[in-house]
Amino acid sequence: MKKFFEKWKLDALYVPLVTAYPAGLWLLLGSTEWHATTLTLYILCILFLSFSGFVETGGDSGKEIFFGYVYLTGALFFSAAGLWMWLI
């Protein structure tokens, strides 16, 4: 079992990819009403992506910097899409 976990080790760099992106897309594309709870979760997804992006862009390797900009771009996209959905 230890070999399985070593092989499929989840790096902390990929956590926003498997948590914030699916939750943000589910909230954005879902047919739920925008209540206080869903709005708060959506804002937390944006803040988590922003924080992760700012932390990763200060990294040393190119991989960390690339994912940092992916997270910051995702936060910008979710912010703009959420504002667009709110205005319409």
Side-chain angles (χ1 to χ4, degrees):
M1 192 71 153
K2 186 177 178 182
K3 291 180 183 180
F4 176 78
F5 285 118
E6 288 175 0
K7 182 179 178 184
W8 296 102
K9 181 182 173 189
L10 181 64
D11 193 8
L13 181 63
Y14 306 122
V15 170
L17 285 176
V18 296
T19 58
Y21 273 106
L25 287 174
W26 173 66
L27 290 170
L28 189 63
L29 300 176
S31 62
T32 60
E33 296 280 331
W34 285 92
H35 296 293
T37 306
T38 55
L39 184 61
T40 303
L41 181 60
Y42 193 73
I43 291 171
L44 283 174
C45 288
I46 293 169
L47 290 175
F48 182 56
L49 285 173
S50 300
F51 174 74
S52 300
F54 285 129
V55 168
E56 295 301 330
T57 54
D60 296 334
S61 68
K63 180 176 151 183
E64 291 176 355
I65 294 171
F66 172 74
F67 276 104
Y69 285 120
V70 167
Y71 298 152
L72 286 175
T73 305
L76 181 66
F77 168 74
F78 283 137
S79 300
L83 183 62
W84 181 260
M85 294 291 290
W86 178 65
L87 290 175
I88 291 183

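If you take OG1 on T38 and CG on L28, they are separated by 11.5 Å, rounding to the nearest 0.5 Å. Distance check, rounded to the nearest 0.5 Å: CG of D60 to CD1 of I65 gives 7.5 Å. Annotation: the span from L44 atom CG to L27 atom CG amounts to 10.5 Å, rounded to 0.5 Å. For the atom pair L25 CG and C45 SG, the distance stands at 9.5 Å (nearest 0.5 Å).
With sequence neighbours excluded, the residues forming a side-chain contact (heavy atoms from CB on, under 4.5 Å) with T57 are Y69, L72, listed by chain and number. When the ring pair (Phe, Tyr, Trp, His ring centres under 6.0 Å) test is applied to F78, the partners found at least two apart in sequence or on another chain are Y21. The ring pair (Phe, Tyr, Trp, His ring centres under 6.0 Å) search around F48 returns none, not counting sequence neighbours.
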Would you sort out whether F67 and Y14 count as a ring pair (Phe, Tyr, Trp, His ring centres under 6.0 Å), showing the intermediate values?
CA-CA 8 Å; F67 276 104; Y14 306 122; 5.3 Å; yes

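Of all heavy-atom pairs between G82 and Y42, the closest is N-OH, 3.4 Å. Closest approach of L49 and G74 over heavy atoms only: CD1-C, 4.1 Å.
In this structure a side-chain-to-backbone donor-acceptor pair under 3.5 Å is missing from E56 to S52.
Note on F51: it does not cluster hydrophobically with I46, by side-chain heavy-atom contacts below 4.5 Å among ILVMFWY residues. A continuous path of Ile, Leu, Val, Met, Phe, Trp and Tyr side chains, each step under 4.5 Å between heavy atoms, connects L17 with F77, placing both in one hydrophobic cluster. Linking Ile, Leu, Val, Met, Phe, Trp and Tyr whenever their side-chain heavy atoms come within less than 4.5 Å leaves L47 and L76 in two separate clusters.
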